[in-house]
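The block underneath contains the structure these notes are about, expressed in structure tokens.
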Amino acid sequence: MNVLPNSDGAGLRAAARRGLRRGRDFVDETPPDALVTVTVAAVSLLAAFAGFLAVSSLTAIPFAVFLVATGYGWLRHQELTARVLTLTTTVSTILVLGLILVFIFAEAWPTVQYATVNVFGVPIPGLRLFIETRWSPVTPPIQYSLVPMIHGTVLVTIIATAVAAPLGVAAALFLSEIAPRTVRELVKPGVEILAGIPSIVYGFIGFTILSPWAADQFDIVGQGTYLFVGIVVGLMALPTVVSVAEDALNSVPESMKSGSLALGTTDWQTMTSITLPAAFSGVSAAVLLGVGRAIGETMAATVMLRGSPGLTKPLYNVFYGNATLTSLIAANYGDADGLQLSALFVAGVILFVTVLFLSIGSQYIEARMRRKLGGAE
Amino acid sequence: MAGATDTALVSEDTSETEAVAAGAVGLAAVLFALSLASVFELVTITDPVAGVPMVALLGGLLVVLGFAVVTFGVGSRLGYVATDPRPTAGLLASGTFGLIWFVVGGLVASQTLGLGTAGWVVASLVTGGAAFAVSALPREDIGSTLPAGALAVFAGVVFLTGVIGPSWLWDLGWEQQASFNAEFTIPVLTAFCSLLVGWAAAKAYGGFGARGRHIGAYVLVYLNAISIIALLFLLVAFTVLKGLPGLFKGLAFGAGAGPEVTLVGVTFSLPVSWPFVMNGVALLNDVNGVLPAIVGTIWLVVGAVLFAVPLGIGAAVFITEYADRGRFTQVVEIATNGLWSTPSIVFGLFGLTFLVPRLGNQKSLLAGMLTLGFMLLPLVVITSRESMLAVPDEYRDASAALGVTKWQTVRSIVLPAALPGIVTGIILGVGRIAGETAPILLTMSGGVAPPGSQTVDVLGGFQLQYAPPFVTNPELMQATSALPYQLYSLITAGVGQSSNIGAIDEFRWATALILLVVVLGFYAVGIATRYYFRSKLQHE
Amino acid sequence: SGQSNPEADAPATEEEETDAPETTTSTPEETTESSAPQMLTAEGSSTVYPIANKGSSYWNSNAPPSDGEYWGSTDEATVPGWDEIETDLRLADYFASLYGFEPTDTQANPPFATSIGLSHSGTGCKSVRDGLVDIGNSSGPITAELGISESKAEENYVDHVVGRDGQPVVVSKDIYDAGVTQLTGDEVKQIYQDEITNWSEVGGPDQEIYVVGRAEGSGTDTSFRLNMLGSADASMEGVDTRKGQNQQVATVVQQNSGAIAYMALAFTGPQVLPIGIEFEGTLYEPDKDAEHTIFDSDYPLNRDLHQYTTITEDTPSGTDMREAAFINMFLTTFGQKLFVEDNNYIPLPTKDIESQKSKLPSQA
Amino acid sequence: MSETRQTTDDGQTTDSELAGGASASPGTDQPLEVTSGETRERTREEWVEHEFEGDAKLSVSDLDVYYGDDHALNGVSMEIPENSVTALIGPSGCGKSTFLRCLNRMNDRIKAARIDGSVRLEGEEIYQEGINLVELRKRVGMVFQSPNPFPKSIADNISYGPRKHGDLDTGLLANLLGRSDDDAVDELVERSLRQAALWDEVQDRLDDNALGLSGGQQQRLCIARALATDPEVLLMDEPASALDPIATSKIEDLVHDLAEEYTVVIVTHNMQQAARISDQTAVFLTGGKLVEYGDTDQVFEDPQSQRVEDYISGKFG
Amino acid sequence: MSETRQTTDDGQTTDSELAGGASASPGTDQPLEVTSGETRERTREEWVEHEFEGDAKLSVSDLDVYYGDDHALNGVSMEIPENSVTALIGPSGCGKSTFLRCLNRMNDRIKAARIDGSVRLEGEEIYQEGINLVELRKRVGMVFQSPNPFPKSIADNISYGPRKHGDLDTGLLANLLGRSDDDAVDELVERSLRQAALWDEVQDRLDDNALGLSGGQQQRLCIARALATDPEVLLMDEPASALDPIATSKIEDLVHDLAEEYTVVIVTHNMQQAARISDQTAVFLTGGKLVEYGDTDQVFEDPQSQRVEDYISGKFG
Ligand SMILES: Nc1ncnc2c1ncn2[C@@H]1O[C@H](COP(=O)(O)OP(=O)(O)OP(=O)(O)O)[C@@H](O)[C@H]1O
Ligand SMILES: Nc1ncnc2c1ncn2[C@@H]1O[C@H](COP(=O)(O)OP(=O)(O)OP(=O)(O)O)[C@@H](O)[C@H]1O
Ligand SMILES: [Mg+2]
Ligand SMILES: [Mg+2]
Ligand SMILES: O=P([O-])([O-])[O-]
């Protein structure tokens, strides 16, 4: 999405100097009462935020001051107030991400600490969460192993990706390159609408129709299989993959496609040799987005799985399904407290970090491809 | 060099050989449809079709199909059929065939012949290697038909001879038991073989070469597209069919049929009575409904929008109009994209630990609103940013050249021009959050099947006071229900047995349907808005 | 008592595991001039849920006495315990008026509304401890659920027992039909400890046993371990799946073949069939007419169903008027028949009702 | 194929008759208000007749193209001689590109376009059922207005066409089986680049991404790419419009040289360029009409149509 | 870029003085090393001196503009007289637009641009601390190459500037307070549109969306919009490049009329246009240098620089 500029110390220093200068200029140029208003607003907002964080009943007072100050600023110094307000909203957006990070990490910390293991005298916090395989939050010996859930999440994600990625990309190719215009104009919005089917509805159908059917077909004990959760999650991610990948394919310039066709190649050759490679970044971003959805998908897994953390036997037995990181949280948050609740937050941290990396990764791929393609967007 | 592959500019009418290939493609399609029908248990594999048991029919057709394709390939190689094949079928096809036959060889050796590990590995390598060689070494016409046709014939013979018959069962022998039965295996194998042979036949129809590959690929791509569309359509249709009876139970029209409502001081009866959406769950109801959940969902959405939209648009204004493109905007971009893909359950956890303790220490509507607001925020930022970037710089330049300040320009030119995109983005985002279950599970979930009298009344709940926090609203501070959560509790908790709901299954499907209607409604409106604005822009 | 207090800025009391709940009583209730009392909220046990929830829906409907159907009978004269009641008030109006609340005399508008949350006992006990709800439903003793001492429990909570459950062991229909209609206590124990894994070992078909359990922390699980496996910490290696609520267990057993589960009486049914259990030579049967039944009070898995309220500065007695009015409804002949017995639970004997009633404040 | 070539003569005669019929009554649908500053004038049939020796490589008759309701080409008939450069000029939007794209059916890619009339390549109608588009486009190559190299290496750009046609085989499998045509590829790349006068500039970086080349180099690469498939006709749509003077003059020289082996049809908006490089020139004017067609010298020095004269002398356009 | 090539075409046209250039063979050889087809020649100072009566409205001295490392304007100095039309011509990329944008500091909006030197408006330095950009741009209006009306009604487009400056107040609040300037708005709209020669065409649909106008009308609307803020100087960057001949000639007439009241600086790629409408002409050549500046007649008839002569006669550009 963006090209990271090379960060060298000199650049940073220069930037800092520029910032300082700009700050001074700003103070010089701004009328004093505007400056006061903005300062009051900023300080009171900060105070309100601090109050909220500290669970103070007085939070409302600085917030009221903030409202009054901005109201005054809006009437008298709209230009400046607008700028400051929009800056505030921007900062809050980043703050939300920061707060999520801080809070779920903080909540997760007790269990991470509890699960410290000494390796050659070096304490490694949280290691026990990943080397044990038993989740037993109540019955001693108490263990908070996340391995079974990670195993479940990985299996579901692999299956879902195997469903959503090839089918989704092929369908996107169909929509953007092959389908007649009328079909495309009907199907594209249809697919986008389908992306909105709530996951609980998929879960409902999976739970009432698919799970019993699978138990019957594969003669398994009980219901809930990673295989079918994976398939359902894959289907759920499918419209997203199709829609995003289609956009990417569509953004390949017509001149490139025409260029290939004018050389006397078939449509299929043009698609595989020109369009797909050129749209590679967008298509892979679509797939990564789909993978992210699959990893973070909660309700279908919660409803369809058995909810008893444990590894399947053998490990590749996809006909059994116990729990994923998400379903663990959804199924247990209500019963858990203390370290067990904290362990659920560890699961949340793992999910969050994984998906964040996927997101950053896809942004990076896209930026790189864009650079490589030069002007060809 | 050119001329080596020169083909006629104009091809003649369909030849007989082409008709044969086309016939094979059609047969493969029939076979595929038949196998789907048996997977979905429309016919069982023992049912007789046209006097022949299904298994035998499938097996027989596979054999015929396999032979047809192989014959075509060989005919082409010997020059009886005019085609335009490449020297080899290509790495992808060869690899795939090698892999398939590797698996087939291994399974036959280990399961049927009962060979040990060494035995089946050798067998696998032999069959896989042979298939690879047959596919890679000869010309494309042989290479892409022979391995596929042989597989179909092999499968057909296996079915016909009853090696895999109706009572066949393969216990995988895993510690957690699982097995494949004939009812599943036969249709699935048939479907797979018919796909493979159908592809080979389509290639043959196109005379191999570039055109053949084109047609072969198109057959698969079309099939994929049709299946996806059909599947997703079925999904919705199924929900609708199952949900309709419950949804419209007790629907009545006529003056005064409906409940009394008071609007602006005037009380009147609605001319329609729709119990499912106008009632809660209560003892005295003839038909129970989900009114509190619907109202809860609406308030959730309203709250989330009120919170996220100003913040999101403000942030988008700042990063597109004020901030220099640099590290800061990059951080915002990464943050918003990261937030956008954050799993909803993580937002739930965040709400649970950040909001709930700060908002009266219990799950509440307000906590749910804010949590969903956090989820909506990144989408608003992203779409607003995109639509503001799409506003041509000329407008900004023109406005600046008229001596108009930046904020005035943003307010009068940029925001109005970007509005369609922003609105569309918000509606789509609302569709997404309206269907979310996980976050409200952790932050808002209230009663599972509340009575109509417990429908939240946010507007009526505001109270003023002289001490901080000046404005309070107990309704916001209480948990209520929402459609996705209600469906969740109906499914998993088996609620209903003791909740006087009555026809619980009907009630559940109706709830699923109304959730679907609400969410897809938002999406449909969002997408229609986008199309409307897009066509309007293009028109001008 | 620990009623919910929306505007309260009480911080999370997570760290105060065993202490008395720090409920915030400095409510701005005076400033809110709402005349209607606040909604009564309860949370917790899925076992107690059928009782509480049915009571709650009757309460919220506030049916007139003429509508005998909604008093539990088609005709008011046949309403169980009518002679104790004999009122021309509506249902909730009547029971609330016993504790000084004004009747509203309107349908679906009781003097105060009630709402019952569904989870399990552990959650119910924690919620009432943290002051999130008025009543904590539990099917296990609060001492076990919160891990506190008897005395501490008595200091802080009032335990209202509203009925009894004879915890059944159920199997799915196919197993029952295949002839497994009774097991010994030892067999059940072995099944749950992964020593028996196939129905053929206990005289059933050759089929893997699908062992269904309840979430750890639920009252049903606690009692089962305590009473069946011998200790609250007994291991349950054999469990294939655990469900949060009895309702979910019932669904799982209904949908699967070869399943076994323990649950509460209210959730048995034609697809979820209770079996007889033999303890030390005595066979306790599900059939009410048998010599020894799982409804007997000496059935080892028999347990009390509790509704806990908290003792606070405001309500030193532990039970405020709303709670008393609601709980009292279950402690009548009417309530025991309709809400306890009709849910397949075991009603309290008269003397127990009397002792339970004595925990409530005196009626108006 | 030989049979079809023999029909060329018949085709030609029919064409010219048709052409005559077409231009007989064009004035009827002339718009009332002439917004583009042209004088009212009826196009005469003889203005668009161009006599030349030999057979026509391409003959177009009565070609009409509509984009929706928009009539972009209006009854155009012309014959294009072999091994020569034909320039198409005319004001913006008069349908030059549309005409060019009709010659290899690239207009099929535009969903809104509807085409009536006939185009023959060596006598064979290209607007008929069963035409092999792939084959047609191999024989009628095209170079676009703005350079559009593929995001691949320079060598891959050149070898792309032949490889896809199966003329070259350099895949992994081919390498394994030892039937790779790597040498043939190298040779082809060099020859094509030399033809496009690009070899000297890029010979050291054949494996670099083609998008790293300058605009003029990219455009010559696109020409080389088209030449690599060995077409008979080369269509060029303003190939030099995005280029600087030096690059332009290189392209012009190249076009000149190409005419010895290929039939080149080139659209340009630069009249001097048309005058410099073409053997015959066709002038389109607003409304998608071919108004004058003939020897370049004659068209520029002594145009028969007053409107063409006005256009050439810069009074409008 | 394409425009400059059309310039070349135009270079051969009707101006009798240029006839020689037109008939001269266009393929004049050029030295290979000079990438832009110019001969080497040093710019003499006197070529850019232009004597006129009265004060200079704008005086530019030693103006240098860099885009990053790219030196887009190189030491340009010139004085622009009041109430006249000054044309800026030159090949693509020579910095005409850059120069124009320096005159009302619109270049500030380009992040990469760095500006050295001085520009004075009536003697007042506009590149100094504390200059009020809003005020400056009110006094120095600008019209862009492609018409860019706001997606609002025609009337709103016109009144946009004055309203934002607070000169007009027609908001809801103002209406309520009874001091709406509705009449003033109507009058302003009519006057501006009349000045831009658009009133007759749009007077019946002042409330229609401006995007519904034709290109030429849109461009005149943009001119009207600029006039509504009552500027002293009007900068126009190729205002007719996107227009058809009729619309172009309307704009040309308009520019001519405006010069009575305003100081107009106009960039054009069309040398005939420059010759037709301007009083003095400045020729920029590659490298961002002002090579010649003087009376339009003199520059076109008797350029002092050989390169300018080559450029004007269409030898390059
Ligand atoms: N894809 C299209 N859809 C609709 N109309 C089109 C399309 N392409 C071209 N047109 C219209 O057809 C007419 C002729 O267009 P064409 O591109 O052939 O002109 P041209 O002579 O090449 O012009 P230019 O010199 O600007 O390239 C124009 O009016 C144009 O608007
Ligand atoms: N925003 C910009 N960023 C970087 N370089 C620019 C920018 N705008 C213009 N340039 C460069 O500055 C030089 C002069 O550009 P300018 O637009 O002033 O030329 P021009 O004479 O107006 O050309 P044209 O006739 O094409 O409009 C060119 O080399 C151009 O590439
Ligand atoms: Mg064109
Ligand atoms: Mg310019
Ligand atoms: O009664 P429980 O739901 O806690 O078993």
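What's counted below: heavy atoms across the whole structure, side chains too, no hydrogens, waters or symmetry copies. Here is how names work: the chains are called A, B, and so on, in the same order as the sequence lines, proteins then strands, and each is numbered from 1.
With a 4.5 Å cut-off on non-hydrogen atoms, A:F218 touches chain B through its backbone and its side chain both. Looking at A:Y202, the atoms closer than 4.5 Å to chain B (heavy atoms on both sides) all sit in the side chain, from C-beta outward. Residue A:T354: no heavy atom, backbone or side chain, is found under 4.5 Å from chain B. Using a 4.5 Å cut-off between heavy atoms, A:L238 contacts chain B through its side chain alone, with no backbone atom that close. Contacts of A:Q78 with chain B are made by both backbone and side-chain atoms, with heavy-atom separations under 4.5 Å. Of the two parts of A:L80, neither the backbone nor the side chain holds a non-hydrogen atom closer than 4.5 Å to a non-hydrogen atom of chain B. Of the two parts of A:T302, only the side chain, counted from C-beta on, holds a non-hydrogen atom closer than 4.5 Å to a non-hydrogen atom of chain B. The contact between A:F204 and chain B is made by backbone and side chain atoms together, counting heavy-atom distances below 4.5 Å. At a 4.5 Å heavy-atom cutoff, the contact between A:Y333 and chain B is made by side-chain atoms alone. Both the backbone and the side chain of A:I100 come within contact range of chain B, with heavy atoms under 4.5 Å apart. In this structure, chain B has heavy atoms under 4.5 Å from both the backbone and the side chain of A:Q217.
With hydrogens and angles ignored, the 3.5 Å screen pairs a side-chain donor or acceptor of A:N317 with a backbone N or O of B:Q176. The backbone N or O of B:G314 lies less than 3.5 Å from no partner atom in the side chain of A:T86, so there is not a single donor-acceptor pair. No donor-acceptor pair under 3.5 Å is formed between the side chain of A:E79 and the backbone N or O of B:T405.
In this structure, A:T312 and B:E175 have side chains that are not in contact, with every pair of non-hydrogen atoms separated by 4.5 Å or more. Using a 4.5 Å heavy-atom threshold, the side chains of A:W213 and B:V39 count as touching. Side-chain atoms of A:L358 and B:S341, non-hydrogen and from C-beta on, never get closer than 4.5 Å to each other.
Taking the six-membered ring for Trp and the full ring otherwise, A:Y320 and B:W174 have centroids separated by 6.0 Å or more. In this structure, the ring of A:F52 has its center less than 6.0 angstrom from the ring center of B:F354.
The candidate with the highest count of non-hydrogen atom pairs below 4.5 Å against chain B, out of A:V221, A:D267, A:I220, is A:D267.
By the 6.0 Å and 45° rule, A:R293 stacks over the aromatic ring of B:W340.
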